[in-house]
Enquirer: 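To start, I am sharing the structure in question, which I have written as C-alpha cells.
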Amino acid sequence: MTPPGRPPGTPPTEPPTDPPGPPPTGPQPPIPGRPPEPEPGPLEPPETEPEPEQPPPDQPPPGAPPRTTGGRPAAQLPDPTAADDVLEADPTVEGEDFSRVAFTQAAVSQLQRLIDRNGPLMFHQSGGCCDGSSPMCYSEGDFITGDADVRMGHVEVPLPDGSGSPLDFWMSREQFAYWRHTHLTIDLVDGRGGGFSLESPDGKRFLTRSRMLSD
C-alpha cells in the first residue's frame with residue numbers, strides 16, 4: 001500500500017544519514033566485553049652491531065703491511081750481543097771502568113770510508129724528535145758539545161795503513177739519564193738516516209741497538 005502523498009511506483013526512500021566525518025582522536029571509551037589496549041611505551045632504539053675495536057694510533061691495523069722508512073721496510077734486527085761488538089770504546093764517564101759503546105764490523109767499515117773522505121769523526125746521540133734514535137756522525141768539532149752533553153766513550157778507529165783515528169761518542173745529558181743502564185752497539189743498515197749525518201749520501205745509516213748492561 002502506497003503511503004499518502006507519494007505517487008504510485010516511487011521507490012521508498014531511506015532516512016537521511018550524516019556524512020562520514022574524521023576519525024575520532026584521543027583516548028576512546030572502552031568497548032564493553034573487550035580488554036583495554038595497552039598504552040604505547042617509549043620507542044626503543046634499534047639494535048646495532050658493536051663497532052670493531054680500533055688499534056691504538058701507534059699500531060698498524062691487523063693485516064696491514066709492515067711500516068716503511070724512506071720506502072723501505074723497517075729494519076727488524078735482533079737484540080745485540082757481545083759477539084756483534086768488534087770495536088769497544090774506552091770508558092770516559094767519570095767513576096766508571098766499563099765500556100758503554102761498541103761498533104759492529106759493518107759500522108767500522110763505514111767509519112773507515114768516512115774518515116778517508118772527511119778526516120776524524122765524532123758521534124752525537126740526541127734522542128730528539130727529528131733524529132729519533134739514529135746516532136748522528138759529524139766531522140770532529142762540527143757539533144758543538146757542552147755541559148748539556150755526556151762523553152760516553154772514546155775509540156781509535158783502525159785504518160787500513162795500521163794507524164788509528166780518534167772518535168768520541170757523545171749523548172745529551174737528558175737522554176743519558178734514560179739510557180744509563182744500557183750498553184749501546186752502533187750498527188749500519190741500508191736506508192737514509194738524519195740529513196746531517198755523514199753516511200746519508202751513501203744510502204746507509206748508523207743505527208743504535210741497545211742491551212742491558214747486566215747482559
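Count residues from 1 along the sequence. Quick note: numbers below take in every heavy atom, side chains included, and nothing from hydrogens, waters or symmetry partners.
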Enquirer: Counting N and O atoms only, with roles assigned by atom type, does the side chain of Ser109 sit under 3.5 Å from a partner on the main chain of Gln105, one being a donor and the other an acceptor?
Expert: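 Yes.
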Enquirer: In the structure I gave you, are the side-chain heavy atoms of Met136 and Phe143 within less than 4.5 Å of one another anywhere?
Expert: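 Met136 does not reach Phe143 side chain to side chain.
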Enquirer: Please find the pair of heavy atoms, one from Leu114 and one from Cys137, that lie closest to each other, and give the distance.
Expert: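 Taking every non-hydrogen atom into account, CD1-SG, 4.1 Å.
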Enquirer: Apply the test side chain to side chain contact (heavy atoms under 4.5 Å, CB included) to residues Leu213 and Thr182: give CA-CA distance (whole Å), side-chain angles for both, the deciding distance (0.1 Å), then the verdict.
Expert: CA-CA 5 Å; Leu213 279 171; Thr182 59; 5.6 Å; no
Enquirer: Can you list every pair that meets salt bridge (Lys or Arg N to Asp or Glu O under 4.0 Å) and has a residue in residues 95-113, with sequence neighbours left out?
Expert: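 Qualifying pairs: Glu96-Arg100.
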Enquirer: What's the separation between atom CZ in Arg180 and atom CD in Gln175, rounded to the nearest 0.5 Å?
Expert: 13.0 Å
Enquirer: Do other residues, nucleotides or ligands put more than 12 heavy atoms under 6.0 Å from Tyr178 OH?
Expert: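 12 or below, so no.
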Enquirer: Measuring from atom CG of Asp142 to atom CG of Leu121, what distance do you get when rounded to the nearest 0.5 angstrom?
Expert: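 If we round to the nearest 0.5 Å, Asp142:CG and Leu121:CG are 10.0 Å apart.
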Enquirer: Side chains of Tyr138 and Asn118: does their closest heavy-atom pair fall under 4.5 Å?
Expert: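 Of all side-chain heavy-atom pairs linking Asn118 with Tyr138, none is under 4.5 Å.
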Enquirer: What's the shortest heavy-atom distance between His124 and Asp149, and which atoms?
Expert: NE2-OD1, 2.7 Å
Enquirer: What's the verdict on side-chain hydrogen bond (donor to acceptor under 3.5 Å, both in side chains) for Glu199 and Ser197, showing C-alpha distance, side-chain angles and the deciding distance?
Expert: CA-CA 6 Å; Glu199 79 281 5; Ser197 197; 2.5 Å; yes
Enquirer: Working to the nearest 0.5 Å, report the span between CG of Asp85 and OG of Ser99.
Expert: 8.0 Å
Enquirer: Can you tell me how far apart CG (Asp90) and CE (Met152) are? Round to the nearest 0.5 Å.
Expert: 13.5 Å
Enquirer: Is there a side-chain contact between Ser134 and Thr208, using heavy atoms and a 4.5 Å cut-off?
Expert: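 Side-chain contact under 4.5 Å: no.
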Enquirer: Any side-chain heavy atom of Phe123 sitting closer than 4.5 Å to one from Phe206?
Expert: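 Yes; the side chains approach each other to less than 4.5 Å.
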Enquirer: First locate atom CG of Leu188, then atom CZ of Arg205, and finally report the distance between them rounded to the nearest 0.5 Å.
Expert: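 Leu188 CG to Arg205 CZ: 9.5 Å, rounded to 0.5 Å.
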Enquirer: Please name the pair of heavy atoms, one in His183 and one in Ala102, separated by the smallest distance, quoted to 0.1 Å.
Expert: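 Reported closest heavy-atom pair: CE1-CB, 3.7 Å.
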Enquirer: Side-chain contact, heavy-atom cut-off 4.5 Å: Phe169 with Val155?
Expert: no
Enquirer: Looking at side-chain heavy atoms only, is the closest gap between Trp179 and Gln125 below 4.5 Å?
Expert: yes
Enquirer: For Thr92 and Gly153, which heavy atoms make the closest approach, and how far apart are they?
Expert: OG1-N, 2.9 Å
Enquirer: Can you confirm whether Asp147 is buried at CG, in the sense that more than 12 heavy atoms of other residues, nucleotides or ligands lie under 6.0 Å from that atom?
Expert: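 Check fails, neighbour count at 12 or below.
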Enquirer: Do Thr104 and Thr185 have side-chain heavy atoms sitting under 4.5 Å apart?
Expert: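 Yes, close enough: below the 4.5 Å cut-off.
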Enquirer: Quick check: do Pro166 and Glu156 have side-chain heavy atoms less than 4.5 Å from each other?
Expert: yes
Enquirer: Using side chain to side chain contact (heavy atoms under 4.5 Å, CB included) as the criterion, point out the one residue from Val157, Leu167, Asp187 that pairs with Phe103.
Expert: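 Exactly one pass, corresponding to Leu167.
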Enquirer: If you round to the nearest 0.5 Å, how far is CD1 of Ile186 from CG of Asp84?
Expert: 12.5 Å
Enquirer: Is Arg117 paired with Asp202 through a side-chain N to carboxylate O contact shorter than 4.0 Å?
Expert: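 Yes, Asp202 and Arg117 are salt-bridged.
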Enquirer: Applying the 4.5 Å side-chain criterion to the ILVMFWY set and letting contacts propagate, would Met171 and Ile144 be lumped into a single cluster?
Expert: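 Hydrophobic grouping puts Met171 apart from Ile144.
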